[in-house]
Amino acid sequence: QVHLMESGGGSVQSGGSLTLSCAVSGHTYESGCMGWFRQAMGKERETVSVIDSVQRKSYSESVRGRFTTSLDKDKNTLYLAMNTLKPEDTAMYYCAADSSCFAQASYILRQGPSRFAYWGQGTQVMVSS
């Protein structure tokens with residue numbers, strides 16, 4: 001069974017940095033995909049980044065150039081390095097996985113959060129102005 005757990009959230013001022021981690025178990029990377037998502041209060045959940053079965057990556061326009069996702073298979077950890085944070089980045093951040101992803105990352109990103117079957121509990125990120 002796939003299990004995911006996020007960590008690394010916190011409070012930071014505008015322009016600061018945070019790195020989120022997602023501990024992964026029970027997931028086969030070569031046939032699945034993973035992603036980071038966020039949900040601000042009163043808003044729908046949105047995709048931040050996706051990494052596909054061959055470790056291609058795709059980012060939403062709002063974070064491209066500022067955020068970087070990476071997967072360390074040996075450590076079973078998915079990362080989201082967030083730089084130059086803005087108040088608009090304030091949200092609950094979730095990692096997610098799906099066991100059957102064969103398309104490239106850009107397509108998976110466009111599919112949105114609903115295609116991911118397994119989710120962590122989330123970690124809060126707050127960026128003050």
Side-chain angles (χ1 to χ4, degrees):
Q1 186 175 8
V2 177
H3 181 71
L4 309 169
M5 182 172 290
E6 305 93 338
S7 62
S11 298
V12 65
Q13 291 188 332
S14 296
S17 300
L18 283 173
T19 297
L20 307 182
S21 299
C22 175
V24 184
S25 63
H27 181 66
T28 302
Y29 304 114
E30 292 76 17
S31 59
C33 55
M34 301 192 69
W36 286 97
F37 306 82
R38 66 187 184 186
Q39 186 168 20
M41 291 296 297
K43 297 185 178 180
E44 293 187 351
R45 190 168 299 184
E46 64 175 345
T47 308
V48 174
S49 64
V50 166
I51 181 166
D52 66 21
S53 61
V54 292
Q55 297 189 233
R56 294 172 294 194
K57 302 163 188 176
S58 187
Y59 300 89
S60 67
E61 292 183 357
S62 62
V63 308
R64 190 175 297 120
R66 299 188 298 122
F67 292 10
T68 303
T69 190
S70 59
L71 175 65
D72 189 330
K73 295 180 180 179
D74 292 335
K75 291 184 169 62
N76 285 311
T77 303
L78 178 73
Y79 299 98
L80 183 67
M82 305 183 293
N83 298 313
T84 319
L85 284 160
K86 305 175 180 179
E88 308 93 272
D89 297 317
T90 296
M92 184 73 75
Y93 282 72
Y94 301 89
C95 66
D98 198 274
S99 299
S100 184
C101 287
F102 304 109
Q104 66 181 32
S106 59
Y107 176 76
I108 298 168
L109 184 145
R110 292 193 296 271
Q111 290 183 293
S114 62
R115 68 95 68 241
F116 286 82
Y118 304 101
W119 292 81
Q121 293 297 307
T123 186
Q124 181 70 49
V125 172
M126 184 177 297
V127 185
S128 59
S129 61

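Keep in mind that the numbers below use all heavy atoms, side chains included, and drop hydrogens, waters and symmetry copies. Just so you know, residue 1 is the first one in the sequence shown, and it goes up from there.
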**Message:** Within the 4.5 Å heavy-atom criterion, are Ser99 and Tyr118 side-chain neighbours or not?
**Reply:** yes
**Asked** Mind checking whether Tyr59 and Lys57 have side chains closer than 4.5 Å, heavy atoms only?
**Response** yes
**Request:** Please collect all disulfide (SG to SG under 2.5 Å) contacts where either partner lies in residues 42-84, sequence neighbours excluded, each pair once.
**Result:** none
**Item:** Heavy-atom closest pair, residues Ser49 and Thr69
**Value:** OG-CB, 3.7 Å
For residues 26-36, tabulate all N or O donor-acceptor pairs below 3.5 Å that involve a side-chain atom, not counting sequence neighbours.
unit_1 : atom_1 : unit_2 : atom_2 : d
Tyr29  : OH     : Asn76  : OD1    : 2.8
Glu30  : OE2    : Lys73  : NZ     : 3.3
Trp36  : NE1    : Tyr79  : O      : 3.3

**Item:** Greater than 12 external heavy atoms within 6.0 Å of Phe102's CZ
**Value:** yes
I'd like a table of donor-acceptor pairs (distance under 3.5 Å, sequence neighbours excluded) in which one partner is a side-chain atom from residues 90-98, with atom names and distances.
unit_1 : atom_1 : unit_2 : atom_2 : d
Thr90  : OG1    : Pro87  : O      : 3.0
Thr90  : OG1    : Val127 : N      : 2.9
Thr90  : OG1    : Val127 : O      : 3.3
Tyr93  : OH     : Arg38  : NH1    : 2.9
Tyr93  : OH     : Asp89  : O      : 2.7
Asp98  : OD1    : Ser100 : N      : 3.0
Asp98  : OD1    : Arg115 : NH1    : 3.1
Asp98  : OD2    : Arg115 : NH1    : 3.4
Asp98  : OD2    : Ala117 : N      : 3.2

**Fill in**
Minimal heavy-atom distance between Ser106 and Ser58, with the atoms involved, is CA-OG, 3.5 Å
**Atom of Cys101, atom of Ile108 and distance for their closest heavy-atom approach** = CB-CD1, 4.1 Å
**Atom pair OG (Ser70) and CG (Leu80), whose distance is rounded to the nearest 0.5 Å** = 8.5 Å
**Request:** Quick one: list whatever passes salt bridge (Lys or Arg N to Asp or Glu O under 4.0 Å) with Arg56, sequence neighbours left out.
**Result:** Asp52
**Item:** Leu109 with Phe67, same ILVMFWY side-chain cluster at under 4.5 Å
**Value:** no
**Reported OG1-to-CE distance for the pair Thr68 and Met82, which is rounded to 0.5 angstrom** = 11.0 Å
**Asked** For Val48 and Val63, which heavy atoms make the closest approach, and how far apart are they?
**Response** O-CG2, 3.6 Å
**Prompt:** Is Glu6 reaching over with its side chain to a backbone N or O of Gln121, donor-acceptor style, under 3.5 angstrom?
**Reply:** yes
**Asked** Please, which pairs that meet salt bridge (charged side-chain N to carboxylate O under 4.0 Å, His left out) have at least one residue in residues 74-88, sequence neighbours excluded?
**Response** Asp72-Lys75
Compile the donor-acceptor pairs under 3.5 Å between side chains in residues 9-21 and protein atoms, sequence neighbours left out, one pair per line.
unit_1 : atom_1 : unit_2 : atom_2 : d
Ser14  : OG     : Ser128 : O      : 2.9
Ser17  : OG     : Asn83  : OD1    : 3.0

